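Take a look at the structure set out below.
Worth saying up front: this structure is predicted, and the values here are computed from it rather than measured. The figures here come from the full heavy-atom set of this structure, side chains too, leaving out hydrogens, waters and symmetry mates. Naming convention: chains lettered A, B, ... in sequence-line order (proteins, then strands); numbering from 1 in each chain.
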There are 4 protein chains.
Amino acid sequence: MVKQPNPTRRSERSRQAILTAARELISEVGYAKLTIEAIAARAGVGKQTIYRWWSSKGAVIFDAFLALSETGPELSTALPDTGDVETDLKAVMRATVAEFADPAFEGPIRALNTEIINDPALAAQYREKLADPLDEAKKTRLRSAQRAGQLAADADLDLALELLYAPLYQRWLLRSGPLTPQYADTLVDVFLKAMRPEGRRS
Amino acid sequence: MVKQPNPTRRSERSRQAILTAARELISEVGYAKLTIEAIAARAGVGKQTIYRWWSSKGAVIFDAFLALSETGPELSTALPDTGDVETDLKAVMRATVAEFADPAFEGPIRALNTEIINDPALAAQYREKLADPLDEAKKTRLRSAQRAGQLAADADLDLALELLYAPLYQRWLLRSGPLTPQYADTLVDVFLKAMRPEGRRS
Amino acid sequence: MVKQPNPTRRSERSRQAILTAARELISEVGYAKLTIEAIAARAGVGKQTIYRWWSSKGAVIFDAFLALSETGPELSTALPDTGDVETDLKAVMRATVAEFADPAFEGPIRALNTEIINDPALAAQYREKLADPLDEAKKTRLRSAQRAGQLAADADLDLALELLYAPLYQRWLLRSGPLTPQYADTLVDVFLKAMRPEGRRS
Amino acid sequence: MVKQPNPTRRSERSRQAILTAARELISEVGYAKLTIEAIAARAGVGKQTIYRWWSSKGAVIFDAFLALSETGPELSTALPDTGDVETDLKAVMRATVAEFADPAFEGPIRALNTEIINDPALAAQYREKLADPLDEAKKTRLRSAQRAGQLAADADLDLALELLYAPLYQRWLLRSGPLTPQYADTLVDVFLKAMRPEGRRS
DNA sequence: GGTTAACCGAGACGGTACGTCATGTCTTGCA
DNA sequence: TGCAAGACATGACGTACCGTCTCGGTTAACC
């Protein structure tokens with residue numbers, strides 16, 4: 001039987017120090033050179049404390065990212081709904097473009113993706129804790145658009161989100177093209193053309 | 001001045017052995033556990049021979065992948081052109097889905113992506129040597145469709161490819177959903193709806 | 001500031017295993033082919049554990065030799081004193097000749113000398129920890145002989161020891177001649193002739 | 001059958017360059033860090049040219065030292081013979097002390113000794129080519145002293161040389177004491193006392 | 001005087017060992 | 001008992017040299 005640590009004894013101070021140190025180091029030295037030892041040293045923590053509470057480096061990175069998101073407004077806040085889906089989506093997509101350009105985010109997100117690509121378990125956790133809640137907020141806005149007759153009523157919303165976000169995400173991840181506000185707008189235009197109700201013109 | 005090895009003296013036998021060993025090991029043990037030492041041992045080669053000709057582990061993986069592609073028919077062969085773009089694209093997308101499901105490809109592609117995400121230089125090389133030629137073949141087929149009036153004449157073909165492939169690629173990379181032939185068909189349907197000429201119905 | 005390991009945490013088990021392995025390997029493969037890796041492997045120890053506590057291969061060899069001497073009786077035991085310095089010195093010199101002929105000693109002593117020749121710091125340590133205590137024991141016997149009127153009262157005892165031992169040592173080190181009990185006796189004879197009190201005949 | 005190189009084709013220019021480079025490098029970086037590659041690079045010579053003509057690093061060092069001695073006057077010149085052996089020996093011993101203090105000699109001699117200690121074959125070659133001729137010259141002077149009645153007629157001259165030189169050599173090799181002209185004189189005094197004819201006083 | 005075999009500088013090769021770094025486990029002593 | 005500290009066995013890193021092996025280019029002896 002594997003010995004499990006007792007979570008009630010867990011030091012919150014150490015936990016925060018570790019996650020903060022992890023974030024800082026990812027930004028400073030990049031994912032490839034990120035080490036458990038450096039995190040422990042920076043956090044003023046014993047290595048064992050990291051190994052006790054996280055199962056892998058990916059898990060630490062994941063939690064570091066999760067903690068970042070929890071403090072932010074994203075997870076809780078719904079998308080804007082002015083009644084015009086085009087306006088709202090363009091605003092959201094432009095915001096996403098801006099976020100990807102933020103150097104403070106770049107390191108951690110790339111690190112997280114690197115881990116997710118090679119770790120199915122982490123990928124599942126990522127979907128459940130991070131991606132799905134965010135996606136649900138977006139789907140809520142799209143359902144509103146469906147009710148308003150701005151989107152096909154029978155549209156597959158998972159596919160819709162992929163259509164909208166995957167090109168943007170891919171450009172950023174593989175650096176295969178520039179991320180500009182215009183590009184965000186164009187994606188929304190194409191998306192709406194693909195998803196508009198039949199018999200309707202933009 | 002950095003000393004450069006003389007390429008004319010390079011052992012082709014060693015080069016092939018290294019690339020083959022790299023491919024085999026990625027499939028067998030995965031990217032995370034791939035080591036230069038193991039590649040050298042498997043290839044029956046000194047470590048220095050790897051370090052002499054490749055600047056990083058990513059560069060080896062890239063070349064291993066490149067060599068694989070060069071032997072295959074992909075780079076040289078154009079896409080099918082039956083006259084019906086929908087038929088042709090669905091065939092191509094289904095083939096892509098099948099390729100992603102091939103366990104022999106899975107390891108190397110994930111490894112390559114892992115390196116590319118964190119190495120801009122490698123990403124550029126990847127675009128130039130691998131992605132761009134493949135994209136050009138696809139664009140050729142799309143231009144044919146434009147001439148046939150099946151696609152908007154003013155469509156941005158880079159965007160078109162992203163629209164078509166990015167959702168598929170993202171699902172595979174992040175394991176965010178199942179990759180089925182039906183999904184391939186659906187992507188083509190949505191793509192054609194978004195890209196069809198104005199005033200036209202599918 | 002250089003980080004210093006904490007000696008109180010040192011594993012005595014590892015220390016002994018390393019020194020023993022070093023001695024064994026010197027005897028088996030000789031000094032020239034002695035490697036840190038082989039010592040670590042033989043001792044069942046990580047290389048870092050060697051590098052943590054010893055600054056050079058020579059330092060390990062020195063300690064291995066020192067540990068050997070500490071367990072033996074040599075350092076603590078005084079020379080025999082029968083009252084006749086000739087008898088006593090011949091016994092000691094013959095014992096030294098026998099010791100040099102012991103194949104178990106040959107390897108380590110040659111290795112130690114090799115390091116000492118090229119490393120002044122090690123040479124100083126050697127004098128302080130090994131040579132000086134042994135020399136002192138010998139000088140004690142010579143002082144006794146001086147009191148007994150068998151040796152010149154004003155003889156330089158450092159020089160005396162050199163006169164007695166250096167020829168023997170040199171023959172062994174450079175293999176410039178045979179080491180026999182007769183040779184030992186002859187050296188004592190010559191030594192006593194050179195060092196006897198003035199006005200006295202042997 | 002092992003292929004033997006043809007000595008008539010040997011490049012004298014390369015041979016000299018190698019020996020010179022070896023000497024320089026020993027003085028500059030010391031014996032421990034002396035490498036064949038560095039010698040070849042310094043000499044502007046292919047590594048194979050060294051391996052073709054010398055069987056080991058020790059052999060190169062030996063030849064480098066030998067070449068040095070051949071250019072000097074030592075091997076050919078006999079010792080001075082003023083008729084007074086004490087005067088002559090003190091002059092020779094003082095010269096030896098001075099030589100050992102010459103930094104240009106220090107490196108190569110230590111290197112040579114290091115190799116000789118661990119390589120019996122090289123030791124034999126050293127005796128034959130270098131030590132024996134030098135010793136013979138010294139013995140010639142001692143024989144002259146015997147004829148003059150300044151030394152015991154039945155003295156063992158090999159032992160005599162050891163008595164005279166081994167203490168000096170040992171002090172230098174192991175750095176066990178200072179090498180001064182006074183020390184040289186003292187050694188000669190003691191030597192003469194040990195070796196003088198019976199019934200005689202200095 | 002043309003041929004040809006050997007040496008030459010150069011340096012790639014398969015290896016071994018280096019000394020360093022990070023891993024994940026374990027132990028010690030403090031709070 | 002959780003923790004900071006850090007020693008430990010393990011093993012990969014990237015580098016330095018080893019001694020062997022081609023590769024062209026002289027170079028010198030022999031036809």
Could you encode protein contacts along nucleotides 20-31 of chain E as a string, one character per nucleotide from 5' to 3', using B for base contact, S for sugar-phosphate-only contact and - for no contact, with a heavy-atom cut-off of under 4.0 Å? BBSBBBBBB---
Using atom types as modelled and distance alone, determine if a side-chain donor or acceptor of Thr114(A) lies under 3.5 Å from a backbone N or O of Arg110(A). yes
Nearest of dC8(F), dA6(E), dC3(F) to any side-chain atom of Ser14(C)? dC8(F)
Arg13(D) CZ - dC7(E) C1' separation (whole Å): 14 Å
Between the side chains of Asp119(A) and Ser56(A), is a donor N or O closer than 3.5 angstrom to an acceptor N or O? no
What is the distance from CD1 of Ile50(A) to P of dA5(F), rounded to the nearest Å? 12 Å
Between Pro7(D) and Arg52(B), which is nearer to the 5' end of DNA chain E once each is assigned its nearest nucleotide? Pro7(D)
Check ion pair Glu28(C)-Arg23(C) (N to O, under 4.0 angstrom): no
Rounded to whole Å, the CH2-P distance (Trp54(C) to dC18(E)) equals 15 Å
Out of dC7(E), dC3(F), dA7(F), which has the shortest distance to the side chain of Ser11(A)? dC3(F)
Thr49(B) side-chain N/O to dG14(E) phosphate OP1/OP2 under 4.0 Å: yes
Whole-Å distance between dA9(F) P and Arg10(C) CZ? 12 Å
Arg10(D) atom CZ, over 12 foreign heavy atoms within 6.0 Å: yes
Do Glu115(D) and Lys57(D) sit within salt-bridge range, that is, some charged N less than 4.0 Å from a carboxylate O? no
Over 12 foreign heavy atoms within 6.0 Å of CZ, Arg52(C): yes
Looking at dC3(F), I'd like to know if its phosphate oxygens (OP1 or OP2) sit under 4.0 Å from a side-chain N or O belonging to Trp53(A). yes
To the nearest Å, how far apart are Glu12(B) CD and dT22(F) P? 18 Å
Value in whole Å for how far the C1' atom of dA10(E) lies from CD of Gln4(B): 16 Å
Take Leu19(D) and Trp54(D) through the side-chain contact (heavy atoms from CB on, under 4.5 Å) test and state the conclusion after the steps. CA-CA 11 Å; Leu19(D) 297 180; Trp54(D) 288 275; 3.7 Å; yes
